Novice: 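After the structure tokens below, expect a handful of questions from me.
As the structure is a prediction and not an experimental result, all values here were calculated from the model. Each chain gets a letter, A, B and so on, in the order its sequence line appears, and its residues count up from 1.
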Protein chains: 2
Amino acid sequence: MTAITVLLVDDHLVVRSGLRALLGTQPDFDVVAEAASGEEALEQVDGHSPAVVVMDLAMGAGMDGIEAIRQLRQRNNRQAILVFTTYDSDADIVRAVDAGAMGYLLKDAAPDEIFAAIRGAVQGKSVMSAPVASRLFQQLRNPNEVLTPREAELLSLLTEGLSNRELGQRLFISEATVKTHLAHIYAKLGVETRAAAIATAIRREGMR
Amino acid sequence: MTAITVLLVDDHLVVRSGLRALLGTQPDFDVVAEAASGEEALEQVDGHSPAVVVMDLAMGAGMDGIEAIRQLRQRNNRQAILVFTTYDSDADIVRAVDAGAMGYLLKDAAPDEIFAAIRGAVQGKSVMSAPVASRLFQQLRNPNEVLTPREAELLSLLTEGLSNRELGQRLFISEATVKTHLAHIYAKLGVETRAAAIATAIRREGMR
DNA sequence: GGCAGCATCAGCCAAAAGGCTGAGAGACCA
DNA sequence: TGGTCTCTCAGCCTTTTGGCTGATGCTGCC
């Protein structure tokens, strides 16, 4: 049996080293290359054709992980792409899956979880960390908690620190309507104040 | 010459593994323990008395890095504490230094930079990543815009969406005092509402 | 045709936040 | 000793926000 070839993509050297060390404990993994950016990732895939790409989403500069996934998919190569990131933002999950990721792991995942995800990915299985799965599940169960386009638009502006009046002016609606939207957004996010909504939006929804 | 004993504190296994692998390449480092939380860090320091503690600030649950640093300092042990984190937030830097950190490194630092920082720390030298140093430098130039430790602490809690009352309860101060601090924070950040302050804090200060 | 969801708006009221002024205690420093 | 900074608190007033109820027009769907 041949080893599973892996490409590590993360802008932090320590994370790459850590993953390399962890994967090195397993006989069936072979880390053939590393990349510190989206651009580098594309090059390394061309050079090494790894079976699995383990990729962080937040890259310091240049192309981010989502865009790198999208471009890898467009070349219709056969790599399985696993997202390996710190935050389980709803928005990031949706965007990564949409771009073509096979799995979604969080950085605090246990080693066995990581190993299983990589082995599963080469067999075409989707594997994700429990918190990620639970988020997706919850979204499917309660579509009521999904923001409407208009609400999402308003929430996005909200995270820029605008007042109700400013929101109304920006969106060409009355302040009353702004308040109605806000009440709905608060209910869906499970918060009671605009401050908490902003905090939740930026942290959980990945808006920034 | 005896090796420099090191304790690694980070809630992510991969980061600890990565650091361990990196430091393992240097003959004068000896990673004697690891901890995944602030509480664990205190225990491990008691058990191993490392010369240097390399600590992340953001810990998943429980005591965060800042609080761990503060408690370590209160025991007047001799460990040099190095912050090793992802973001160079002004507020975090101020709070970490105030709590008693010897140095401040970013996770994308080069290995040599990390090695030098640890070796410097045991000799009582303060070492920090270039971006961190540049932020501190800029702060020295316009001291009016520098948040005091208390203000930074409050701003940090503010980004969690707390109300003035909750802030007061959390910090054991009156609501009046909270409002005073907020007014100062707004002036320093150049904003007029708490929403804008949160937005600015998370985006510009890197808080999350 | 009716029903559900979405976006729009109004008015009323209570609570929260923000602007302003003033002030005391403790730390630090020249 | 005096000045400055930080942290603490109070009162008063205006503005903003949030909760509630109710309503209209539009669209898509069964």
Side-chain angles (χ1 to χ4, degrees), chain A residues 139-201, chain B residues 66 70 73-74 90-91 93-100 139-201:
Chain A
Q139 287 198 359
L140 289 179
R141 260 207 318 268
N142 317 354
N144 326 352
E145 292 176 11
V146 179
L147 298 180
T148 68
R150 192 58 158 172
E151 285 163 1
E153 191 181 2
L154 208 141
L155 180 57
S156 171
L157 288 176
L158 194 66
T159 64
E160 292 179 13
L162 302 187
S163 71
N164 290 350
R165 182 171 309 174
E166 291 168 325
L167 289 172
Q169 289 169 346
R170 198 76 87 82
L171 297 174
F172 304 107
I173 57 181
S174 79
E175 213 175 314
T177 306
V178 170
K179 292 172 80 171
T180 305
H181 284 310
L182 283 181
H184 294 159
I185 292 173
Y186 295 165
K188 289 180 179 178
L189 294 185
V191 300
E192 285 171 342
T193 68
R194 87 169 37 212
I198 293 174
T200 302
Chain B
I66 299 276
R70 188 166 290 125
R73 275 291 87 108
Q74 283 177 349
D90 285 347
I93 296 173
V94 169
R95 291 174 61 214
V97 171
D98 185 63
Q139 290 194 358
L140 288 180
R141 269 205 302 272
N142 3 359
N144 321 354
E145 293 176 9
V146 181
L147 298 180
T148 68
R150 193 58 157 172
E151 286 162 0
E153 191 180 3
L154 209 140
L155 180 58
S156 171
L157 287 176
L158 193 67
T159 64
E160 291 179 13
L162 302 186
S163 69
N164 289 349
R165 181 172 309 174
E166 290 168 324
L167 289 172
Q169 290 169 346
R170 199 74 89 78
L171 297 174
F172 304 107
I173 57 181
S174 80
E175 214 176 314
T177 306
V178 170
K179 292 171 85 169
T180 303
H181 283 310
L182 283 181
H184 294 158
I185 291 173
Y186 296 165
K188 288 180 179 179
L189 293 185
V191 300
E192 286 170 342
T193 68
R194 88 168 33 211
I198 294 174
T200 303

Novice: Enter the distance from B/E166:CD to B/E175:CD here, rounded to the nearest 0.5 Å.
Specialist: 10.5 Å
Novice: Return the polar atom pairs (N/O with N/O) between nucleotides 18-21 of chain D and the protein under 3.5 Å, or none.
Specialist:
unit_1, atom_1, unit_2, atom_2, d
D/dG18, OP1, A/Y186, OH, 3.2
D/dG18, OP1, A/R194, N, 2.5
D/dG18, OP2, A/Y186, OH, 2.7
D/dG18, N7, A/K179, NZ, 3.0
D/dG18, O6, A/K179, NZ, 2.8

Novice: In whole Å, what is the span from the CD1 atom of A/I198 to the P atom of C/dA17?
Specialist: 13 Å
Novice: Using 0.5 Å steps for rounding, measure from the CZ atom of B/R194 to the OG1 atom of B/T159.
Specialist: 11.5 Å
Novice: Rounded to whole Å, please give me the gap between CG in A/L162 and P in D/dT16.
Specialist: 14 Å
Novice: Would you say A/T177 places a side-chain N or O within less than 4.0 Å of OP1 or OP2 belonging to C/dA7?
Specialist: no
Novice: Specify the separation, in whole Å, of atom CG of B/L154 and atom C1' of D/dT8.
Specialist: 13 Å
Novice: Rounded to the nearest 0.5 Å, what separates atom CG in A/L167 from atom CZ in A/R165?
Specialist: 11.5 Å
Novice: Provide, to the nearest angstrom, the distance between the CZ atom belonging to B/R95 and the P atom belonging to D/dC7.
Specialist: 13 Å
Novice: Can you tell me the distance, in whole Å, between the CZ atom of A/F172 and the C1' atom of C/dT8?
Specialist: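 In whole Å, C/dT8 C1' lies 15 Å from A/F172 CZ.
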Novice: From A/E151 CD over to A/K188 NZ, what is the distance, rounded to the nearest 0.5 angstrom?
Specialist: 3.5 Å
Novice: Measure the distance from CG on A/L171 to C1' on C/dA7 and round it to the nearest whole Å.
Specialist: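 After rounding, the reported distance stands at 12 Å.
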Novice: Rounded to whole angstrom units, what separation is found between the CG atom of B/L167 and the P atom of D/dC7?
Specialist: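 Rounded to whole Å, this separation is 15 Å.
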Novice: Would you write out the dot-bracket form of DNA chain C, 5' to 3', with Watson-Crick and G-U pairs under 3.5 Å, [ ] for crossing pairs, | for pairs to other strands and . for unpaired bases?
Specialist: ||||||||||||||||||||||||||||||
Novice: Write down the protein N/O and nucleotide N/O pairs, taken from nucleotides 24-29 of chain D, whose separation is under 3.5 Å; answer none if there are no such pairs.
Specialist:
none

Novice: Closest approach to the side chain of B/H181, judged atom by atom: which nucleotide of D/dC7, C/dT8, D/dC9 is it?
Specialist: D/dC7
Novice: Using every non-hydrogen atom in the two residues, find where B/E160 and A/A199 come nearest and quote the distance to one decimal.
Specialist: C-CB, 4.0 Å
Novice: Measure from the side chain of A/T148, starting at C-beta and using heavy atoms only, and say which of D/dT8, C/dT8, C/dC6 lies closest.
Specialist: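 Given the options D/dT8, C/dT8, C/dC6, the side chain of A/T148 is closest to C/dC6.
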Novice: Has B/S174 got a side-chain N or O lying under 4.0 Å from the OP1 or OP2 atom of D/dC9?
Specialist: yes
Novice: Show your working on side-chain contact (heavy atoms from CB on, under 4.5 Å) between B/I173 and B/R150 and close with a plain yes or no.
Specialist: CA-CA 11 Å; B/I173 57 181; B/R150 193 58 157 172; 3.5 Å; yes
Novice: When B/L154 is tested against each of B/T148, B/L162, B/I185 for side chain to side chain contact (heavy atoms under 4.5 Å, CB included), which residue passes?
Specialist: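 Considering B/T148, B/L162, B/I185, a side chain to side chain contact (heavy atoms under 4.5 Å, CB included) with B/L154 is found only for B/I185.
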Novice: What is the distance from CD1 of A/I173 to C1' of C/dC6, rounded to the nearest Å?
Specialist: 12 Å
Novice: Yes or no on side chain to side chain donor-acceptor pair (under 3.5 Å) for B/S174 and B/T177, after CA distance, side-chain angles and deciding distance?
Specialist: CA-CA 5 Å; B/S174 80; B/T177 306; 3.2 Å; yes
